[in-house]
Amino acid sequence: MNIKENLSNRIKRVKPSVTNDSNRQAKELIKNGIHVFNLSNGDISLPTPEIAKNAAIEAIENDDTKYTLASGKEELRKAIADQYNRKYDLDYKYQNVLVGSGTKNVLFTLMGVLCNHDDEIIVPTPCWPSYFEQIKLFGATPKIVECGIETNFKLTSKLLSKNITSKTKAVILNSPNNPSGSVYSKDELAKLAEVLEEHDDIFIIFDDVYSQIVSPSSSFYNIVCLSKEIQNRTIIAGGISKNYGMTGWRIGWLIGPEEIISASSSFQSHSLGSAVTISQDATISLLKHVDESPFNVVFSERRKTMVKELKKIKELSFVQPQGACYIFPSINKLIGKKYDGITLKNSKQFCELALKYGHISVIPGEACGLEGYLRLSFGSLSSAQIKENMFQLKQFVEKFR
């Protein structure tokens with residue numbers, strides 16, 4: 001039997017995770033004693049808040065380690081709804097919330113609930129690479145809308161209107177954005193909402209997993225605050241991983257219409273089952289006492305350092321990020337130049353050369369749906385490490401001729 005040929009057509013459509021593959025290659029080099037300058041890691045190198053740790057320990061000691069409902073503990077669902085209601089003056093109930101094993105997991109569940117064959121999901125790029133593959137896994141098509149440097153990597157009402165078809169099921173908006181760090185303003189979201197109000201059969205998927213990681217000069221706005229009509233067909237995807245530095249605890253959520261949440265719970269009952277009970281207890285305690293990320297000041301300092309160091313690399317141009325823990329510089333000035341006799345053609349090749357010759361791990365813009373750029377992450381780096389890594393990148397880039 002040819003095992004590979006007998007795999008499902010579904011899995012044959014899917015590309016492996018570029019970020020996971022980059023981290024795998026970096027770890028192989030490290031295993032061989034080579035120091036790697038890792039600018040691809042999207043993890044958060046900050047400690048879990050003590051209040052969450054203590055709640056998890058208490059849950060273990062009390063043997064609160066059994067299954068919960070597929071949708072999550074009612075107390076946690078209520079805590080999530082209450083936090084959004086406090087922050088944005090909304091009226092969500094626990095029935096509007098589904099808890100899953102990380103934001104990636106709940107987005108996967110949502111795609112399973114929404115996507116039919118021949119559906120199109122509008123995906124503004126640059127974006128988180130897994131959007132593409134999750135949509136394809138359920139037989140739908142990601143309708144890629146390139147949003148370049150001229151729009152600060154954000155979807156505009158004109159681009160949105162131009163790309164809506166009879167097949168459009170939903171549009172994904174991610175703010176703050178991975179990989180660009182762009183943040184949609186209230187006015188920008190209002191203009192998108194004006195277009196969507198003309199198409200009342202289109203869902204809005206609003207990924208706000210970085211909502212509390214915003215620069216001091218910017219502010220986060222949630223699209224559900226615009227109107228009840230928009231709220232009624234928006235599904236928010238969020239979680240604790242980024243805002244609270246709890247990536248390994250694997251708690252994410254969907255917030256939306258009860259019909260979507262009920263269907264998602266049914267889907268999840270046959271896939272995940274339920275999120276880890278101990279992690280749920282930790283999140284209950286966290287959200288009841290902490291409304292804002294305790295790390296935003298740290299991220300702001302790291303972002304400031306990254307911008308300062310990137311300005312020293314004249315061959316790369318960029319838009320200053322407003323949030324999240326990434327920056328998305330252009331390598332277009334390097335295309336056509338040579339490194340060690342090799343002519344640079346694209347971002348993927350740049351990343352291969354950077355890892356081989358500079359021991360630098362970065363993510364190609366191609367993986368994020370926009371060629372000619374790189375995703376650099378500072379989520380797992382201190383300011384001192386950012387300076388060290390960026391100096392290495394500068395030395396590597398300056399060798400192009």
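Note: Lys154 NZ to Glu188 CD = 3.5 Å, rounded to the nearest 0.5 Å. Interatomic distance, CG of Leu254 versus CG of Asp207, reported as 10.0 Å (0.5 Å rounding). For the atom pair CG (Asn38) and OG (Ser361), the distance works out to 4.5 Å, reported to the nearest 0.5 Å. In this structure, OG on Ser219 lies 9.0 Å from CD on Gln322, to the nearest 0.5 angstrom. Taking CD1 from Ile363 and OG from Ser377, the interatomic distance works out to 9.0 Å, rounded to the nearest 0.5 Å. Distance check, rounded to the nearest 0.5 Å: CD of Gln268 to CD1 of Ile261 gives 10.0 Å.
Heavy atoms only, all atoms of each residue included: Cys351 and Leu374 are closest at SG-CD2, 4.0 Å. Of all non-hydrogen atoms in Tyr373 and Glu371, the two that sit nearest each other are CD1-O, 3.3 Å. Nearest heavy-atom pair across Val319 and Asn152 is CG1-OD1, 3.6 Å. Minimum interatomic distance between Ala52 and Met246 (heavy atoms only, all atoms of both residues): CB-CE, 3.8 Å. Closest of all the heavy-atom pairs between Phe295 and Tyr244 is CE1-O, 3.4 Å. Taking all atoms of both residues into account, the shortest heavy-atom contact from Ile213 to Pro176 is O-CG, 3.8 Å.
Aromatic ring centres of Phe299 and Tyr210 lie farther apart than the 6.0 Å criterion allows. A distance below 6.0 Å separates the ring centres of Phe138 and Phe108.
Side-chain atoms of Gln280 come within 3.5 Å of backbone atoms of Ala275 as a donor-acceptor pair (strictly under, hydrogens ignored). The backbone N or O of Glu5 sits less than 3.5 Å from a side-chain atom of Lys12, completing a donor-acceptor pair. Distance alone, capped at 3.5 Å, is enough to place a donor-acceptor pair between the Asp119 side chain and the Asn116 backbone. Between the side chain of Asn85 and the main chain of Ala81, a donor-acceptor pair closer than 3.5 Å is present. Judged by distance alone, with hydrogens and angles left aside, the side-chain atoms of Ser265 form no donor-acceptor pair with the main-chain N or O of Ser262 at under 3.5 Å. Asn96 contributes no side-chain N or O that, together with a main-chain N or O of Pro257, makes up a donor-acceptor pair within less than 3.5 Å. The main-chain N or O of Gly358 is found under 3.5 Å from a side-chain atom of Gln392 such that the two form a donor-acceptor pair.
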Does Phe153 form a side-chain contact (heavy atoms from CB on, under 4.5 Å) with Ile149? I'd like the steps, not just the answer. CA-CA 5 Å; Phe153 306 114; Ile149 203 165; 4.0 Å; yes
After noting the C-alpha distance and the side-chain angles of Ile240 and Trp253, does the key distance pass the side-chain contact (heavy atoms from CB on, under 4.5 Å) rule? CA-CA 9 Å; Ile240 62 172; Trp253 52 73; 3.8 Å; yes
Run the salt bridge (Lys or Arg N to Asp or Glu O under 4.0 Å) test on Lys87 and Glu292 for me, step by step, so that the C-alpha distance in whole Å, both residues' side-chain angles and the decisive distance to 0.1 Å come before the verdict. CA-CA 9 Å; Lys87 288 171 69 70; Glu292 300 295 337; 2.7 Å; yes
Working for salt bridge (Lys or Arg N to Asp or Glu O under 4.0 Å), residues Asp82 and Arg86: CA-CA 6 Å; Asp82 286 348; Arg86 284 194 305 273; 5.1 Å; no
Given the rule in the side-chain contact (heavy atoms from CB on, under 4.5 Å) test, do Tyr92 and Ile236 qualify, once you have shown the distances and angles that lead to the verdict? CA-CA 12 Å; Tyr92 287 121; Ile236 299 169; 3.9 Å; yes
List the steps and the verdict of side chain to side chain donor-acceptor pair (under 3.5 Å) for Ser157 and Glu194. CA-CA 8 Å; Ser157 57; Glu194 283 180 15; over 6 Å; no
Decide salt bridge (Lys or Arg N to Asp or Glu O under 4.0 Å) for Lys78 and Glu74; before the verdict, give the C-alpha distance in whole Å, the side-chain angles of both, and the deciding distance to 0.1 Å. CA-CA 6 Å; Lys78 187 176 186 305; Glu74 184 177 316; over 6 Å; no
Mind running side-chain contact (heavy atoms from CB on, under 4.5 Å) on Lys288 and Glu75 for me, showing each step along the way? CA-CA 10 Å; Lys288 282 185 174 181; Glu75 187 180 4; 2.6 Å; yes
Salt bridge (Lys or Arg N to Asp or Glu O under 4.0 Å) evaluation trace for Lys356 with Asp340: CA-CA 12 Å; Lys356 181 177 180 180; Asp340 197 31; over 6 Å; no
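A 4.5 Å side-chain heavy-atom check between Asn222 and Phe220 finds at least one atom pair inside the cut-off. The side-chain heavy atoms of Leu334 and Leu316, taken from C-beta on, include a pair separated by under 4.5 Å. In this structure, Ile386 and Arg302 have side chains that are in contact, with non-hydrogen atoms separated by less than 4.5 Å. Using a 4.5 Å cut-off on side-chain heavy atoms (C-beta onward), Phe318 and Leu310 make contact. The side-chain heavy atoms of Ile278 and Asp64, taken from C-beta on, include no pair separated by under 4.5 Å. Residues Ile331 and Ser347 meet the side-chain proximity criterion, which asks for heavy atoms closer than 4.5 Å. Side-chain contact between Arg233 and Ile260: absent, with no pair of heavy atoms (C-beta onward) separated by less than 4.5 Å. Cys325 is listed as a side-chain neighbour of Ile44, based on a closest heavy-atom distance under 4.5 Å.
Ring-plane geometry between Phe396 and Tyr339 is classed as tilted, the angle between the planes lying from 30 to 60 degrees on a 0 to 90 degree scale.
In summary, the side chains of Trp249 and Thr283 do not present any donor paired with an acceptor at a separation below 3.5 Å, with no hydrogens or angles considered. Tyr84 and Asp208 form a side-chain donor-acceptor contact under 3.5 Å, judged by distance and modelled atom types alone. There is no side-chain donor-acceptor pair under 3.5 Å between Ser215 and Arg303. A donor-acceptor pair shorter than 3.5 Å can be found between the side chains of Asp43 and Thr247. When only modelled atom types and interatomic distance are considered, Glu120 and Thr165 share a side-chain donor-acceptor pair under 3.5 Å.
Between Glu28 and Lys31 no salt bridge is recorded (no basic side-chain N to carboxylate O distance below 4.0 Å).
When the shell of 6.0 Å around NZ of Lys311 is examined, it contains 12 or fewer heavy atoms from other residues, nucleotides or ligands. The environment of OH in Tyr357 is crowded: more than 12 heavy-atom neighbours from other residues, nucleotides or ligands sit within 6.0 Å. The neighbour count for Glu58 CD, taken as heavy atoms of other residues, nucleotides or ligands under 6.0 Å away, does not exceed 12. For Asp201, the CG atom counts as densely surrounded, since its 6.0 Å shell holds more than 12 non-hydrogen atoms of other residues, nucleotides or ligands. Within a 6.0 Å sphere centred on NZ of Lys4, other residues, nucleotides and ligands contribute 12 heavy atoms or fewer. Other residues, nucleotides and ligands contribute over 12 non-hydrogen atoms within 6.0 Å of the NZ atom of Lys228. Remark: Lys53 NZ is packed, more than 12 non-hydrogen atoms of other residues, nucleotides or ligands lying under 6.0 Å away. No more than 12 heavy atoms of other residues, nucleotides or ligands shown are found within 6.0 angstrom of NE2 on His117.
With Leu155 as the partner, the side chain to side chain contact (heavy atoms under 4.5 Å, CB included) test is satisfied by one option alone out of Val123, Ile172, Asn174, Val145: Val145.
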